[in-house]
Protein chains: 2
Amino acid sequence: MGSVSIKDVAARAGVSPGTVSNVLNRPEKVAASTRTRVERAISELGFVRHGSASSLRAGHSRTIGLSVIDIGNPFFTDVAAGVEDVASDRGYAVILGNSSGDRMKEQRNLLVFAEQRVRGVLITPSDEDQARLDRIKERGINVVFVDHPATRPDQCSVAVNDVTGGAMAVAHLIEGGAERVAYVTGPTSIRQCADRRQGAERALAAAGRDPASLVEVPMTAMTARAGQQAAEKLLAEGLPDAVFCANDLLALGVLRGLMHAGVRVPDDVALVGYDDIDFASASAVTLTSIRQPTHRLGQVATELLLDECDNPGSHAHQQIMFQPELIVRESTRN
Amino acid sequence: MGSVSIKDVAARAGVSPGTVSNVLNRPEKVAASTRTRVERAISELGFVRHGSASSLRAGHSRTIGLSVIDIGNPFFTDVAAGVEDVASDRGYAVILGNSSGDRMKEQRNLLVFAEQRVRGVLITPSDEDQARLDRIKERGINVVFVDHPATRPDQCSVAVNDVTGGAMAVAHLIEGGAERVAYVTGPTSIRQCADRRQGAERALAAAGRDPASLVEVPMTAMTARAGQQAAEKLLAEGLPDAVFCANDLLALGVLRGLMHAGVRVPDDVALVGYDDIDFASASAVTLTSIRQPTHRLGQVATELLLDECDNPGSHAHQQIMFQPELIVRESTRN
DNA sequence: ACAAATTATTAAAACGTATCAAGCCGCAAA
DNA sequence: TTTGCGGCTTGATACGTTTTAATAATTTGT
């Protein structure tokens, strides 16, 4: 009933199991006539290859592991969709792991990946602990960083330049006439937040301003709720001319907080977010934002990983850095 | 280097491979002293079980397949997070498949699942073709429907009552004094859209109104952009007192379209969405919406599936129907 | 027409684990 | 002492595939 094996197919087609395996894996090695005979037997019997047996013998599976920090974040969701795209195209299955920023959970995911003998791992590391990843690589499992630049040359990575992104945002605000600029951000321990601030300061310096004039408003979370609290803080401390947020969710919260207080955007205060999530263009005042090639990030990371797997000899490790893009909308048009 | 097997562990601990397998799978069957000895050998050698070999011999793997229609939709993302939660807790890996509503792609995902010999499949079917799923079940792979009620008693499913949800939304609008109610929806071939409309009509009837008085505004997509177009259509045809949208994305678009035209929400028009996505509470006018227990949906579906796998004898198939919840916010407070 | 070279196919040996019948050992009952 | 018994452990086998060396079939060159 359930399980029809390569032997059954061989018997039906009047060939040996080895030949069936050949039409599966190296069709060009087998004569056209026998190949069609085997293919017919396969479809008549509804045979599907037993992946476990295959990877046991072959020494590697056709799966890759994907470990992200928060699958609920639209950013990572888009990345995951990109990964799934090319993995699926090349016949690979994607095993999903959600670390929730918890390193124990991340560790457990990596163990599961190791048990499944995944061909490779795509990971947005939740911290800088390289040793753990080295242990994975010792097992012959390739690792590619996603949204995190690798510091070592023997390690592939894809990321987006957050410093440039921050600079673009603030340069745009200065160009629009802003004198006093605020930066609403998440925890400064997050690399992305720190890099974007650095970019903001660079833009100020480039315009001949004092980088220290940037009004920093640090929040513990990067949600819309936190953004609203940030707006209250800004209202209390005196409004700046422009606000740059480390995140679209924060920006949407700030927007709402300001509007509630009767502040008009962009007339009274200009506003820029980051990520260009779908909702940035759906809010009451559409949001100027920094777009990142999220989907592409996932695609390229996967291509890099599979290239490393398929051509271990000729593969050249790459640390790819994408450039972000400024999307101007109503929140800065005045 | 890479690969240390159960035999190496056995040699190190001075026992037979069979015993090592026992401490892995039935620890209670082996004497405490040898067990600790084996466990030490395992950690000293950094042994991790070869999942493929294990499932080849055991006849089933510790993976489940998850096939969703659109991983980019926050609704499915939340579901996936719930699935990952309990799967990870029980030591299962989740293989992700994104069908994009394309039945060929869904088919390919199911093939990948079959090759991996997943223990079971969680699927939000993109159409009503039961035959394809029957073929999966013939292979001994259990299937649970997610966000889709099963019509047959030999099939588990979890879903949320969309008729009730639609009724709640419109009853709330009527209670708020609405005379003329519009329903902005996606393609009517989508079950969820049809069910929610049915609920809306039921609420009208319950209030002594003519169900046919519901002004239906069908769109081809369920995005914010489509919502904005719907708002234009409503403005052209004469505004209703209230608008019920099949989707929060549509509702956010409608909100934006109305505000741009100077229509005030909720003073001039009341508005209700569906799904209660995070952004419903982050928009300029916060959105009244129908909340679904998305995360729980994924959790329960997975529990059902794993119960079916682990206790094939005693498992009772269930078709679970959750109830939605009305979340009242500014868009209907007047 | 015969050897050589090429192409197609086969048989058998792994891959790493789970399982199960059989064996071992020490101890209580006879 | 013998027998029986129960708890632990072992050894051998099978799971379904890939791979390699060897054999058979076919073509080519002379």
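Reminder, nothing fancy here: chain letters follow the sequence lines and each chain counts from 1.
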Roughly what angle, to 10°, lies between the helix axis at the start of the helix from dA1(C)-dT30(D) to dA30(C)-dT1(D) and the one at its end, five pairs per end? 40°
Under the side chain to side chain contact (heavy atoms under 4.5 Å, CB included) rule, collect the residues that match up with Arg57(A), sequence neighbours excluded. none
Value in whole Å for how far the P atom of dT9(D) lies from CZ of Arg35(B): 10 Å
For Asp162(B), the salt bridge (Lys or Arg N to Asp or Glu O under 4.0 Å) test, sequence neighbours excluded, returns Arg191(B), Arg196(B)
With a 4.5 Å limit on heavy-atom distance, are the side chains of Gln116(A) and Gln116(B) in contact? no
Write out all pairs satisfying ring pair (Phe, Tyr, Trp, His ring centres under 6.0 Å) with one or both partners inside residues 112-154 of chain A, taking only residues at least two apart or from two chains. Phe145(A)-His148(A)
Does Ser16(B) make a side-chain N or O approach to OP1 or OP2 of dG11(D) shorter than 4.0 Å? no
For a quick check, with a 4.0 angstrom heavy-atom cut-off, what is the B/S/- contact string for nucleotides 23-28 of chain D, read 5' to 3'? ------
Across all chains, not counting sequence neighbours, the side chain to side chain contact (heavy atoms under 4.5 Å, CB included) partners of Pro187(B) are Ser189(B), Ile190(B), Met222(B)
Only counting residues at least two apart or in another chain, list the ones meeting salt bridge (Lys or Arg N to Asp or Glu O under 4.0 Å) with Glu39(A). none
Test salt bridge (Lys or Arg N to Asp or Glu O under 4.0 Å) applied to Asp310(A) - qualifying residues, sequence neighbours left out: Arg90(A), Arg119(A)
Please encode protein proximity along nucleotides 14-23 of chain C as a string of B, S and -, counting only heavy-atom distances under 4.0 Å. BBBBBB----
Taking salt bridge (Lys or Arg N to Asp or Glu O under 4.0 Å) as the definition, give me every residue that meets it alongside Arg152(B), ordered by chain and number, with sequence neighbours left out. Asp134(B), Asp154(B)
If you look only at pairs with a residue in residues 4-32 of chain B, which of them pass as a salt bridge (charged side-chain N to carboxylate O under 4.0 Å, His left out), with sequence neighbours excluded? Arg12(B)-Glu44(B)
Which residues share a ring-ring contact (aromatic ring centres under 6.0 Å, His included) with His60(B), sequence neighbours left out: none
